[in-house]
Amino acid sequence: MQDIKSFTLEELKKEMELLGEKPFRAKQIYQWMHEKLARSFDEMTNLPLSLREKLSERYSFTALKQVCVQESAIDGTRKYLFELGDGKMVESVFMRYKHGNSVCISSQVGCRMGCAFCASTLDGLERSLEPSEMLDQVYAITLLTGERVSNVVVMGTGEPLDNFDNLLKFLTLITDENGLHISQRNITVSTCGLVPQMRQLADRRLQITLALSLHATTDEKRRRLMPVANRYSIAELMETCAYYFDKTGRRITFEYSLVSGVNDNLEDAEELVRLIRNLNCHVNLIPVNPIKERDFVQSKASFIDAFKNKLAKNGINVTIRREMGRDIDGACGQLRRRQKALQ
Ligand code: SAH
């Protein structure tokens with residue numbers, strides 16, 4: 001069965017035509033799914049029952065089940081564990097900022113990129129998410145919180161550019177004026193650095209922000225943290241980032257997780273300055289979130305500050321990522337792993 005929530009409005013119109021239905025039905029169904037966030041065909045009460053029955057025979061309708069939610073006592077961040085139609089689980093996070101509410105979504109169940117410090121990749125990739133399943137995370141959280149979501153970051157479990165076509169479809173649907181209509185500028189996609197897909201994304205000239213997980217300044221060091229560094233060099237990545245900026249005019253965000261004794265000394269900071277000096281960019285420093293399966297240790301606050309100051313003094317735009325929800329299983333993939341272990 002085809003997944004109805006992953007159709008664009010145009011595609012849905014064609015489907016309705018094939019079914020011999022009037023074109024306005026497509027718009028109605030689309031609005032039910034993407035504006036009113038219906039969770040089943042039954043809710044679409046202005047459709048004739050016969051049509052609802054026909055739809056449910058032909059199309060599958062995704063909806064997430066909440067398995068658990070943890071709320072941070074510190075900052076109100078909420079971390080949700082959702083169950084997909086096939087019983088697999090994904091994590092999504094709701095964060096309140098001054099500029100609005102942000103949801104961090106997963107793009108895959110598990111991940112095959114193998115980054116050494118990340119919990120999401122420990123069991124490898126189970127499968128990629130459909131566009132509808134990425135939307136559902138935002139929709140479910142909108143319904144559960146009763147609050148509007150203004151920003152989406154594709155920074156949860158999975159490598160979004162390893163699920164490229166579904167990611168693009170998701171971006172089309174979430175920004176659609178007949179849906180939640182989230183502005184492209186309020187969307188960030190984070191990648192470990194898949195160069196060919198970064199170029200393809202650049203060629204689409206979207207106004208989204210691309211975040212690159214850099215985490216090291218030499219290929220040798222990066223290879224120790226991220227297997228993907230065996231495929232693409234830092235030099236190639238820098239060229240690709242320049243290409244992305246050239247095509248889109250959007251400033252790149254570099255993510256740099258600080259790991260004590262691995263990538264956090266002042267020489268690393270100096271090397272980082274040299275690498276990115278000529279790029280229009282922003283650096284987000286992330287104190288590594290230790291996972292129990294690995295012995296990475298968070299850098300001392302004094303090292304983090306010194307690293308930041310070094311960049312700032314050299315004219316680089318830099319922030320330290322606030323650790324939202326430290327008191328709940330904050331690091332990527334930890335909630336899902338714990339739940340899996342219980343089953
Ligand atoms: N696959 C994408 C997006 C998911 S990871 C990517 O690699 O960018 C989102 C960000 O969190 C990445 O920068 C990733 O490197 C970082 N990350 C993962 N586990 C972490 C941990 N334990 N501590 C700090 N940052 C982590």
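Indexing begins at 1, ligand by ligand and atom by atom, following the structure's order. In this chain, residues are counted from 1 in sequence order. Here the structure is a predicted model, which is why all the values come from computation and not from measurement.
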Closer than 4.0 Å to some heavy atom of N289 - which atoms of ligand 1 meet that? 21 (C), 22 (N), 23 (N), 24 (C)
Select one of side chain, backbone, both or neither to describe which atoms of H215 lie under 4.0 Å from any atom of ligand 1, heavy atoms only. side chain
Answer side chain, backbone, both or neither: which part of E159 comes under 4.0 Å from ligand 1, heavy atoms only. both
Please examine the side chains of I174 and L135, heavy atoms only from C-beta on, and report whether any two atoms are closer than 4.5 Å. yes
In this structure, would V283 and F303 fall into the same cluster of hydrophobic residues linked by side-chain contacts under 4.5 Å? no
For ligand 1, which atoms sit closer than 4.0 Å to a heavy atom of G158? 1 (N), 2 (C), 3 (C), 4 (C)
Do the charged groups of R96 and E147 touch, with an N to O distance under 4.0 Å? yes
Numbering as shown, the atoms of ligand 1 that approach C118 to under 4.0 Å (heavy-atom distance): 18 (C), 19 (N)
Determine the interplanar angle of the H99 and Y97 rings, folded into 0 to 90°, and report it as parallel if under 30°, tilted if 30 to 60°, perpendicular if over 60°. parallel
If hydrogens are left out, which of G156, S107, S257 has an atom nearest to atom 25 (N) of ligand 1, that is, the closest non-hydrogen atom? S257
Strictly by ring pair (Phe, Tyr, Trp, His ring centres under 6.0 Å), give each pair with a member in residues 195-240 just once, sequence neighbours left out. F117-H215
Is the closest heavy atom of M226 to ligand 1 under 4.0 Å? no
Does any N or O in the side chain of Q184 come within less than 3.5 Å of the main-chain N or O of Q207, such that one atom is a donor and the other an acceptor? yes
E255 to ligand 1: N or O pair under 3.5 Å? yes
According to ring-ring contact (aromatic ring centres under 6.0 Å, His included), who are the partners of F94, at least two apart in sequence or on a separate chain? none
Checking contacts here: is it the side chain or the backbone of T157 that comes within 4.0 Å of ligand 1, counting heavy atoms only? Could be both or neither. neither
Would you say S6's side chain and S132's backbone share a donor-acceptor pair under 3.5 angstrom? yes
With a 4.0 Å cut-off on heavy atoms, is S120 touching ligand 1? no
What atoms of ligand 1 come within less than 4.0 Å of a heavy atom belonging to C192? 6 (C), 7 (O), 8 (O)
Run the numbers for me: atoms of ligand 1, each under 4.0 Å from some heavy atom of M155, listed by number. 4 (C), 5 (S), 9 (C)
